[in-house]
> 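The structure that follows is given in the form of structure tokens.
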Amino acid sequence: MSPNGYPPYLIVDGHEPSGIMWDVVATIVPRLGYTLEAQKIPRKRVDQMLEDGYLDGTPRAIEWTEEPEKFLFTDPVVNVEEVFFFASNSQLEYQYPSDLFGKTVVTHLGYLYPDLEPYFEDRRITRFDVPRDRDMFRFLLHGERFDAALADRLVGQWILKSEGLKDNIRTSDNGISQYGFRVMVRPDWADFAEAFNRELEVIRENGELDAILANYR
């Protein structure tokens, strides 16, 4: 896991790791007869260390991996969705990019949004970059010229819960992207991946997965 974590999927600021992905893996892995141990490794070193056998798995989306064919991925544990956040009193909704023409959207510095890039480039939609996810909601609530913020659904819900802002901001039903957040392992771990997928389906059906997600929403 990243030394900085990725709240609420991975949280590393306590004595023990937590977060959605960690809690799910920590629920499933002991049932399969494995021991789980966290290692804080910079992202740029993870893939090679996994290939070389120093690590056994890492949370990852296929779409975020430079050479995904080198690895094996479990079924999605949870979906990472980029959606829009609006002030509760806003009348805006999002179905199509044209809904945002003439509007200003708070975005994350350095992030790419392929579905919206043409409209950012020709200024039909104005992009305003901030360095941290938490900053997005502060600008949205307290800056009169900002109409929406664009962030991961669960990340946003976690921040709003942590900051006591759940009643002040609402989330769009539709978004611009969706990726499955999975566990990435080496190809020779196929038996583990298959067993993990079976147990993941069990906790999805019996409500354990929903209970974990509810802790972070």
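Throughout, numbering of the chain's residues begins at 1 and tracks the sequence.
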> Hey, is the main chain of Ile169 close enough, under 3.5 Å, to the side chain of Ser88 for a donor-acceptor pair?
yes
> Could you check whether any side-chain heavy atom of Ser90 comes within less than 4.5 Å of a side-chain heavy atom of Arg170, counting everything from C-beta outward?
yes
> Name the orientation class of the two ring planes belonging to Phe120 and Tyr113 (parallel below 30°, tilted from 30 to 60°, perpendicular beyond 60°).
perpendicular
> Which is it for Arg204 and Glu199 under the salt bridge (charged side-chain N to carboxylate O under 4.0 Å, His left out) test, yes or no, and what are the steps along the way?
CA-CA 9 Å; Arg204 197 183 303 280; Glu199 194 62 30; over 6 Å; no
> CZ/Phe85 to CZ/Arg153 distance, rounded to the nearest 0.5 angstrom?
7.0 Å
> Quick one: closest heavy-atom pair of Pro76 and Gly180, and the distance?
CB-CA, 3.8 Å
> Is any NZ, NE, NH1 or NH2 atom of the basic residue among Asp47 and Arg60 found under 4.0 Å from an Asp or Glu carboxylate oxygen of the other?
yes
> Group every Ile, Leu, Val, Met, Phe, Trp and Tyr by side-chain heavy-atom contacts under 4.5 Å, then state whether Leu92 and Leu150 land in the same group.
yes
> Does Arg186 pair with Glu51 as a salt bridge, N-O distance under 4.0 Å?
no
> Is the closest basic N to carboxylate O distance between Glu201 and Arg198 below 4.0 Å?
no
> What about Ile62 and Met21, same hydrophobic cluster or not, with Ile/Leu/Val/Met/Phe/Trp/Tyr joined at side-chain heavy-atom distances under 4.5 Å?
no
> Any donor and acceptor pair, going by atom type alone, linking the side chain of Tyr216 with main-chain N or O of Gly19 inside 3.5 Å?
yes
> Determine yes or no for a side-chain-to-main-chain donor-acceptor pair under 3.5 angstrom, with Asn197 supplying the side chain and Asp75 the backbone.
yes
> So, Arg127 and Glu117, do they make that salt bridge, N to O below 4.0 Å?
yes
> Given 3.5 Å as the limit, does a donor-acceptor pair link the side chain of Arg182 with the main chain of Leu72, or not?
no
> Is Val12 close to Pro3 at the side-chain level, that is, under 4.5 Å between some pair of heavy atoms?
no
> So, the side chain of Asp52 versus the backbone of Met49: is there a donor-acceptor pair under 3.5 Å, distance only?
no
> Could you label the plane-to-plane angle of the Phe146 and Phe128 rings as parallel, tilted or perpendicular, counting under 30° as parallel and over 60° as perpendicular?
tilted
> Look only at the side chain of Ser172 and the backbone of Val83, and say whether a donor-acceptor pair between them is shorter than 3.5 Å.
no
> For the side chain of Arg132 and the backbone of Leu109, is there at least one donor-acceptor N/O pair under 3.5 Å apart?
no
> Is any side-chain heavy atom of His108 closer than 4.5 Å to a side-chain heavy atom of Val130?
no
> Rounded to the nearest 0.5 Å, what separation is found between the NZ atom of Lys44 and the CD atom of Gln48?
13.5 Å
> Less than 3.5 Å apart, any donor N or O on the side chain of Glu208 or Asn206 sitting next to an acceptor on the other?
yes
> Take Phe137 and Leu160 through the test side-chain contact (heavy atoms from CB on, under 4.5 Å) and record every step on the way to the result.
CA-CA 8 Å; Phe137 304 103; Leu160 297 178; 4.0 Å; yes
> Apply side-chain contact (heavy atoms from CB on, under 4.5 Å) to the pair Phe73 and Thr65, showing each step before the final yes or no.
CA-CA 11 Å; Phe73 295 83; Thr65 306; 3.8 Å; yes
> Starting from Val202, can I reach Val29 by hopping between I/L/V/M/F/W/Y residues whose side chains sit under 4.5 Å apart?
no
> Using side-chain contact (heavy atoms from CB on, under 4.5 Å), reason through Leu200 and Thr74 one step at a time and then give a plain yes or no.
CA-CA 9 Å; Leu200 178 61; Thr74 67; 5.5 Å; no
> What is the distance from atom OG of Ser177 to atom CG of Asp152, rounded to the nearest 0.5 Å?
8.5 Å
> As a test of understanding, state which of Tyr34, Phe71, Phe196 forms a ring-ring contact (aromatic ring centres under 6.0 Å, His included) with Trp189.
Tyr34
> Can you tell me how far the OG1 atom of Thr27 sits from the CD1 atom of Ile203, to the nearest 0.5 Å?
6.0 Å
> With a 4.5 Å limit on heavy-atom distance, are the side chains of Val105 and Asp147 in contact?
no
> Would Met184 end up clustered with Tyr6 when hydrophobic side chains under 4.5 Å apart are linked, directly or stepwise?
no
> If only atom types and distance count, is the side chain of Lys161 paired as donor or acceptor with the main-chain N or O of Asn215 below 3.5 Å?
yes
> Contact between Arg134 and Glu163 at the side-chain level, heavy atoms closer than 4.5 Å - yes or no?
yes
> Show your reasoning for whether side-chain contact (heavy atoms from CB on, under 4.5 Å) applies to Asp99 and Glu93.
CA-CA 7 Å; Asp99 296 329; Glu93 297 289 348; 5.9 Å; no
> ring-ring contact (aromatic ring centres under 6.0 Å, His included) with Tyr9: which of Phe181, Tyr179, Trp158, Trp22?
Phe181
> Hey, are Gln39 and Glu37 close enough side-chain-wise for a donor-acceptor pair under 3.5 Å?
yes
> Hey, could you give me the OG1/CG distance between Thr35 and Leu32, rounded to the nearest 0.5 Å?
11.5 Å
> Any chance CG of Asp173 has more than 12 other-residue heavy atoms, nucleotides or ligands included, within less than 6.0 Å?
no
> So, do Arg123 and Thr126 sit near enough that their side-chain heavy atoms are less than 4.5 Å apart?
yes
> Could you point out which residue of Phe84, Phe86, Phe101 forms a ring-ring contact (aromatic ring centres under 6.0 Å, His included) with Tyr94?
Phe84
> For the CG atom of Leu213 and the CG atom of Leu154, what is their distance to the nearest 0.5 Å?
6.5 Å
> Does any non-hydrogen side-chain atom of Thr58 lie less than 4.5 Å from one of Met1?
no
> If you count the non-hydrogen atoms of other residues, nucleotides and ligands that lie under 6.0 Å from CD in Glu16, is the total more than 12?
no
> Between Val77 and Val155, is there a shared hydrophobic cluster once you connect ILVMFWY residues whose side-chain heavy atoms come closer than 4.5 Å?
yes
> Does NZ or CZ of Arg124 lie under 6.0 Å from the centre of the six-membered ring of Tyr119, at an angle within 45° of the ring axis?
no
> If we only count heavy atoms from C-beta on, is the Asn4 to Leu10 side-chain gap below 4.5 Å?
no
